Q: 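Provided herewith is a single structure, encoded as structure tokens, for subsequent inquiry.
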Amino acid sequence: QVQLVESGGGSVQAGGSLRLSCAVFGYTYNLNCMAWFRHAPGKEREGVALIDSNDRTTYADAVKGRFTISQDNAKNTLYLQMNSLKPEDTAMYYCAYGSVCSWRATNYKYWGQGTQVTVSS
């Protein structure tokens, strides 16, 4: 069984930075992709960034150039460095673990509980 635990959310002013972490407990051999998704009130859940087992990354257009996804395999931890934050980045952020990198949330078998990010103008 795999468990994901996010941390690092909080409140920040526009232009500020936050770093989210996602600790991974447990292992399943056929899981090769980790991702960050976010869900804001009144909006659909959306993918933010993906990283595969070869450290290849993909970003949503809305965060490209501002967010960086990375992973530390020795620490079993996924990160999301968020810079130049905007009010529209306000959402609950979730990490997810799946077998194939995709923007489709249903591709991810394991999810964390979420961490809230609030950006004020």
Side-chain angles (χ1 to χ4, degrees):
Q1 187 70 321
V2 175
Q3 184 181 8
L4 308 180
V5 180
E6 299 104 333
S7 60
S11 296
V12 65
Q13 288 192 329
S17 297
L18 285 173
R19 188 175 82 155
L20 305 183
S21 298
C22 173
V24 181
F25 300 93
Y27 174 76
T28 300
Y29 72 95
N30 61 340
L31 298 182
N32 300 304
C33 185
M34 296 208 70
W36 288 99
F37 284 77
R38 66 186 181 186
H39 193 188
K43 296 183 180 180
E44 292 188 357
R45 178 172 47 184
E46 63 175 348
V48 174
L50 316 175
I51 186 166
D52 69 11
S53 56
N54 293 311
D55 284 337
R56 289 176 296 201
T57 59
T58 308
Y59 296 93
D61 288 343
V63 306
K64 203 171 292 183
R66 300 188 297 122
F67 290 11
T68 302
I69 187 171
S70 62
Q71 58 190 350
D72 184 333
N73 292 324
K75 296 182 179 179
N76 291 331
T77 303
L78 175 73
Y79 301 101
L80 185 68
Q81 178 66 44
M82 305 185 295
N83 298 328
S84 301
L85 282 161
K86 304 175 181 180
E88 51 263 45
D89 294 318
T90 295
M92 185 72 79
Y93 283 72
Y94 299 89
C95 62
Y97 198 5
S99 57
V100 177
C101 277
S102 167
W103 292 120
R104 186 174 296 179
T106 53
N107 279 9
Y108 296 86
K109 184 174 182 179
Y110 299 103
W111 292 80
Q113 82 287 352
T115 186
Q116 178 67 37
V117 171
T118 303
V119 184
S120 58
S121 57

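It should be emphasised that the depicted structure is a prediction, and the values quoted were computed from it without experimental measurement. Sequence positions, counted from 1, serve as the residue numbers for this chain.
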Q: Donor-acceptor pair, Asn54 side chain versus Arg56 backbone, under 3.5 Å?
A: no
Q: Less than 4.5 Å apart, any side-chain heavy atom of Phe67 and any of Leu85?
A: yes
Q: Taking all non-hydrogen atoms of both residues, which atom of Ser121 and which atom of Pro87 are closest, and how far apart?
A: CB-CG, 3.9 Å
Q: Starting from Val2, can I reach Tyr79 by hopping between I/L/V/M/F/W/Y residues whose side chains sit under 4.5 Å apart?
A: no
Q: If you look only at pairs with a residue in residues 54-104, which of them pass as a disulfide (SG to SG under 2.5 Å), with sequence neighbours excluded?
A: Cys22-Cys95, Cys33-Cys101
Q: Considering non-hydrogen atoms only, spot the tightest contact between Ala60 and Gly47 and give its length.
A: CB-O, 3.4 Å
Q: Which word best sums up how the rings of Tyr94 and Trp111 line up, parallel for under 30°, tilted for 30 to 60°, or perpendicular for over 60°?
A: perpendicular
Q: Is the count of non-hydrogen atoms from other residues, nucleotides or ligands lying under 6.0 Å from Lys64 atom NZ greater than 12?
A: yes
Q: For the residue pair Tyr97 and Leu78, establish whether any side-chain heavy-atom pair is separated by less than 4.5 Å.
A: no
Q: When rounded to the nearest 0.5 angstrom, what is the spacing between CD in Glu6 and CE in Met92?
A: 9.0 Å
Q: Quick check for you: to the nearest 0.5 Å, what is the distance between Gln3 atom CD and Tyr110 atom OH?
A: 11.5 Å
Q: So which heavy atom on Val119 is nearest to which on Gln13, and how close?
A: CG1-C, 4.0 Å
Q: Quick check: closest heavy atoms across Thr77 and Ala23, and the distance to 0.1 Å?
A: OG1-CA, 4.3 Å
Q: For residues Gln71 and Asp55, report the shortest heavy-atom separation together with the two atoms involved.
A: NE2-OD1, 2.8 Å
Q: Can you tell me how far CD of Gln81 sits from OG of Ser17, rounded to the nearest 0.5 angstrom?
A: 6.0 Å
Q: Any side-chain heavy atom of Val48 sitting closer than 4.5 Å to one from Met82?
A: no
Q: At what distance, to the nearest 0.5 angstrom, does NE2 of His39 lie from CD of Glu46?
A: 9.5 Å
Q: If you measure from OG1 on Thr68 to CG on Asn83, what distance do you get to the nearest 0.5 Å?
A: 6.5 Å
Q: I need the minimum non-hydrogen distance between Leu18 and Gly8, along with the two atoms involved.
A: CD2-O, 4.0 Å
Q: Using side chain to side chain contact (heavy atoms under 4.5 Å, CB included) as the criterion, point out the one residue from Thr57, Leu50, Val63 that pairs with Ile69.
A: Thr57
Q: Are Arg38 and Val117 packed together at the side-chain level, in the sense that at least one heavy-atom pair is separated by less than 4.5 angstrom?
A: no
Q: Ring-plane angle category for Phe37 and Tyr108, please: parallel below 30°, perpendicular beyond 60°, tilted otherwise.
A: perpendicular
